Amino acid sequence: MQELPKGYEPADVEPRWYQFWLDQGVFRASVAPDDQRETYVIPMPPPNVTGSLHMGHALMGAIEDVLVRRARMQGKNTLWQPGIDHAGIATQTVVERQLKREGLSRHDLGREAFLARVWQWKEQSGGRIGEQMRVLGCSADWERTKFTMDPDLCVSVREAFVRLYEEGLVYRATRLVNWDVDAQTVLSDLEVESEEGVQGELYEFAYQVLDADNAVGLSELVVATTRPETMLGDTAVAVHPDDPRYTHLHGKKLRHPFLAREIPIITDPILVDMSFGTGAVKVTPAHDFNDFATGKRHGLEELNILTLDGKMNELTGEFAGLDRFVARKAVKARLAELGFERGSKPHMMTLPRSQRSGTIVEPMISTQWFVKTQPLAEPALEAVRSGKTQILPEEWVKTYEHWLTNIQDWCISRQLWWGHRVPAFYCDKCGHVLVTRDEHPTNCPACANGELRQDEDVLDTWFSSGLWPFSTLGWPKDNVALERFYPASDMETGYDILFFWVARMMMMGIHFMGEPPFKRILLHGMVVDETGDKMSKVKGNTIDPLDLVYGANFEQVVSKALPGASAGEALNKFRKAYPSTAQMGAGFPAYGADAIRMGLCSYSPQAKRIALSPKRIEGYRNFCNKIYNAVRFALGHVGDVELSGQPTAAPRLLVNRWILSRLAKAIEGCNRGVDEFRLDDASGALYHFFWDELCDWYLEATKPVFISGSPADQSETREALAHVIETALRALHPFMPFVTEELWQRVPKPAGRPVTIALAPFPTVADGRLDAEAEACFGTLTRAIGAARSVRNEHDVHPGSQVPVVLRVRDNAELDRLRSELGLVQFLVKTEGEPTLELTGGPRPPGFVVSVAGDVEVLVGLRGHVDPSKETERIERGIKKLEKDAVGLAKRLQTPSFIAKAPPEVVAEAQATLDSLQRQIAQLIEARGLIEELK
RNA sequence: AGGCGCGUAGCUCAGUGGUAGAGCACUACCUUGACACGGUAGGGGUCGUUGGUUCAAUCCCAAUCGCGCCUACCA
């Protein structure tokens, strides 16, 4: 075994161990028929095939890997099911953009050639995220990786569609839908995002009212609109039936200024709000959801005035061929010209935008496939209400319920080429619609016609994702994996796809498999920059997780964060987004995967925004180094000690008893945290145990033992140290797999451990040994040591020089307890010889300064070092602090109602605390009186 | 408009009905034989505001101000 270098270098370590785990098949889920182990399953949210790793993936990977690795160490048959999503619109858009650079469109290639091109691109770059997740140490069963367009998953999708169709839960209908004029496809409600607070205008113009003889009369009706161009599709104007301003117009007609049409005036109390605008609403049933509903109520004609790419169509006369926004201006100009313009005012509005293309979405009448959601939503709601599926953090339960309760039917067809083709075939001869599992049906079952035309559309990506927990296991075919790994244990993902994905998996899973697809739904927040802004290429505030792993200078970092911008501008934006980088040099050092994972896990899952701070990652890089050096220290002392695996007999030495007790508490905290999906608590418990307790106290305390302890003490301490280190590494492994494996391989281990820490048992409380007495006693000791160090520090005693110390305690029992620990105090405080131990109360030796630490009085000999004015100040400060507490406490204890009504133990505790405070104050006051003697 | 959530140390955020916590930043001292990616000691908060419940409120309730997100709608 090689000598360990002084600092931890993740780059040298990480790839080696990852390959080792792969070679050992550590991540493989077992489908062996005789495997009786409990299972633990997480379906990994499949990243888009287009994507490359971003911080959100890293967060997901870090969290899920902790859950999975711990379960694996607990001996469970673990499946972390990875995969890739074909991501219909997103992928098609990317490839179309590539084509555009070559001067081509998908139509130039034709459907088949275009799809070949997408597949080719998928083969090239589809595995990228998986590779990047391996760099982070993610222990998914990569051999089971699935792609949503794999042949077996295509079978699943067709099966699901056909079954739903046969059950009447999938249907075809003509409706007003959300149309993306850029991508030229319909979108589901969820794919439409609203942009709030857009400054628009409310434009008013007049329609001329027709007289009884259909001639243009003198009166007019003024309507207000934010979309003047849609007046070309107006088929009514509505007023409120109770609006006195317009009563005389009921039943009359209006003349369209440009088109040879008459428009009825209708009354509608639902659509019209009398107080808004002019109280008269133009009705465009084919291009507005409310108007559509109004049209249905009044039997109005639905006049489509737009082409699929957002231009005015042939029905719009002189405006035909104009883009919708150009047409808006043109219509206004013509209205003004004709004298019908009646002014405008600014108006704040919300614009519906396509999630993918960003273009403003048009309501458009179209024939599409829909899923009838209500019958599916009910059981999905019930599963959560009954607790069969639990959602954490719980605050999301209401959001989930609200959405599923108000759910609309789901439009699942898309006018794209990349995706699962709708398995519906049309017979043009007899008009029969055939929905079938058969990929290439040959004859129409109704008329035996041999020419069937398949539906041109593909399915919404989320339709196939909704089947993920069972389609990846081979459904609809029965097999061991499906039987064994459905339902999954946990579904862990970002809250942003709670509706898109999680709710739909719940609906589909319950419907097809008869039970919910997972026992728990765990949701994490969105990774944002240090100032709380969403990460985006536009803002130039993205960080490539791998730049944190491998290190990168800021020029590299910002060239990716804000491509195309000047280096200076990009760097400026980046520094603003991450103020903590001001304290860094030219770039990120190589923090390593462990640091990033631990950092990401340390953020609270309750937080909706996870403000990523590189400085915080740096803190965990330091922690890696701390672990590494602590083990390096231990290795120098433990030798080839033999470990039994469990601490059976209680150690005799206080420090050893204490650290074993703390170890038990840390493991308990870690396990509880992971169980409750509080990885911040779990990682925190281990972090503080390792650094604050193991390193800062225990390792320091073992030094005097190893330097000058008795052989028995040394032997016991060697064993305890080796045990604690080996156990702590196992506990840390799910969070920091690389550094722990690297070290664990070198550390003494009990017999029977497997070849890798990844398969070693995860610690339980029984690996430690709870010992309240040792904790109390060591607590006294640390307080006393702290007090003595305080005095040294505040009097500028050089750390190298030794000072005499006297410890005074209140009773003989305490005296006995502390007697054996004097060597430790001597070492940690650097006292001159062993400290003297005595009962409180005797006269203070001259030249000694007092510091109180609870019930221990610490006298530090400072002759020659002491500065009386500083000492006065120190004592005064101490008294003041204690008095402040004491006064508050005394006040409370004098309140009769407190004594009468508070629980007795609370009163007793307060009284005891007060007594102690008063004793300490008295000691300090005495010390203050003796300051002059110090000189 | 409805729903959810937030407002705690300079910054980012935990937390609890019983005398306020972490990381980073800050101050002083220290290169001591695991680690300067380190150690020791320290400074810093009337827990948004106002009421109420309670023996006791940062925590529970109500109102209010500020902020964020989601859903729906906006002629």
Side-chain angles (χ1 to χ4, degrees), chain A residues 4 6-8 189 194 200 202-204 223-227 230 237-238 271-273 276-284 288-291 347-350 395-396 398-399 402-403 406 495-496 498-499 526 530-532 579-580 583 589 591 595 599 602-604 606-613 615-616 618-637 678 680-681 684 687-688 695-696 699-700 703 707 786 789-794 796-800 828 830 884-886 888-889 892 895-903 906-907 909-910 913 917:
Chain A
L4 287 170
K6 199 172 169 186
Y8 176 59
D189 296 345
S194 43
L202 195 57
Y203 177 84
E204 295 182 1
V223 295
T225 177
T226 55
R227 303 196 52 191
T230 61
V237 169
L271 179 70
V272 183
D273 171 0
F276 189 91
T278 61
V281 187
K282 57 188 278 309
V283 183
T284 321
D288 181 279
F289 286 97
N290 284 314
D291 293 4
H347 178 63
M348 291 303 271
M349 51 190 210
T350 307
E395 58 185 271
W396 291 107
K398 279 187 188 167
T399 312
H402 182 258
W403 190 73
N406 299 293
Y495 72 78
D496 55 329
L498 177 59
F499 304 145
M526 300 293 109
E530 247 176 326
T531 67
S580 77
Q583 292 161 350
Y591 293 134
S602 73
Y603 288 91
S604 167
Q606 318 282 89
K608 287 196 179 153
R609 294 164 162 268
I610 291 172
L612 183 87
S613 167
K615 202 69 189 154
R616 185 154 167 173
E618 188 165 296
Y620 287 101
R621 185 275 312 257
N622 296 351
F623 182 50
C624 289
N625 195 244
K626 193 75 182 173
I627 295 171
Y628 177 84
N629 276 293
V631 174
R632 214 160 61 92
F633 166 82
L635 287 175
H637 292 285
R678 289 303 305 254
D680 54 335
D681 289 344
Y687 178 94
H688 290 294
C695 290
D696 288 353
L699 293 189
E700 294 305 317
K703 286 176 184 176
I707 292 167
R789 283 168 166 173
S790 253
V791 170
R792 294 186 57 127
N793 246 296
E794 288 180 31
D796 297 329
V797 178
H798 191 274
L828 293 178
K830 275 231 166 70
K884 197 180 139 210
D885 293 346
L889 214 48
R892 198 134 56 94
T895 313
S897 52
F898 172 72
I899 298 166
K901 295 195 179 175
V906 171
V907 178
E909 197 191 316
T913 309
L917 286 173

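Every chain is numbered from 1 and lettered A, B, ... according to where its sequence line falls, protein lines coming before strand lines. Quick caveat, the model's predicted, so the values are computed rather than measured.
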Query raised in the report: Do we get A:Lys703 above A:Phe633's six-membered ring, with its NZ or CZ under 6.0 Å from the centre and within 45° of the axis?
Result: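 The answer is yes, since A:Lys703 meets both limits relative to A:Phe633.
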Cationic tip of A:Arg621 above A:Tyr591 ring, under 6.0 Å, 45° of axis: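 No cation-pi geometry.
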Calculate the interatomic distance between [X] atom [atom1] and [N] atom [atom2]; express it in whole Å.
X	N	atom1	atom2	result
A:Ile707	B:U32	CD1	C1'	10 Å
A:Phe623	B:C35	CZ	C1'	13 Å
A:Glu794	B:G42	CD	C1'	7 Å
A:His402	B:G2	NE2	C1'	7 Å
A:Lys6	B:C35	NZ	P	5 Å
A:Tyr687	B:C13	OH	P	18 Å

Considering only atom [atom1], compute the distance from [N] to [M] and round it to an integer number of Å.
N	M	atom1	answer
B:C26	B:G43	C1'	8 Å
B:A62	B:C67	P	22 Å
B:C59	B:C73	P	38 Å
B:G15	B:G5	P	14 Å
B:C47	B:A22	C1'	15 Å
B:C11	B:G52	P	31 Å
B:U31	B:G39	C1'	10 Å
B:U8	B:G3	P	25 Å

Nucleotide forming a Watson-Crick or wobble pair with [N], both distances under 3.5 Å:
N	result
B:A34	none
B:G51	B:C61
B:G66	B:C6
B:U46	none
B:A25	none

Short side-chain N/O contact from [X] to OP1 or OP2 of [N], under 4.0 Å:
X	N	answer
A:Lys703	B:A34	yes
A:Lys626	B:C35	no
A:Lys615	B:C24	no
A:Arg632	B:C37	no
A:Asn622	B:G38	yes
A:Ser790	B:G42	yes

Considering only [options], which nucleotide approaches the side chain of [X] most closely?
X	options	result
A:Phe898	B:G39, B:C73, B:C55	B:C55
A:Ala630	B:A28, B:U71, B:A34	B:A34
A:Thr913	B:A14, B:U12, B:U19	B:U19
A:Asn793	B:C70, B:A41, B:C4	B:A41
A:Arg616	B:U40, B:A14, B:U12	B:U12
A:Leu917	B:U40, B:C70, B:U19	B:U19

Exercise for the section: With heavy atoms under 4.0 Å as the rule, sort A:Leu635 into base, sugar-phosphate or nothing. Expected result: nothing
Report task. Would you mind classifying the nucleic acid contact of A:Asp273 as base, sugar-phosphate or nothing, using non-hydrogen atoms under 4.0 angstrom? Result -> base
Exercise. B:C37 base to A:Arg621 side chain: any donor-acceptor pair below 3.5 Å?
Worked result: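 Checked by distance alone, the answer is yes.
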How far apart are the C-alpha atoms of A:Thr278 and A:Glu204, what are their side-chain angles, what is the distance that settles it, and do they pass the side chain to side chain donor-acceptor pair (under 3.5 Å) test? CA-CA 8 Å; A:Thr278 61; A:Glu204 295 182 1; 5.7 Å; no
- What about A:Tyr620 and A:Tyr687, are their ring centers closer than 6.0 Å? yes
ask   = So, for A:Lys830 and A:Gly800, which heavy atoms are closest and what is the spacing to 0.1 Å?
value =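 The answer is CD-O, 4.0 Å.
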Taken to the nearest 0.5 Å, the spacing of A:Asn625 CG from A:Lys6 NZ works out to 10.0 Å
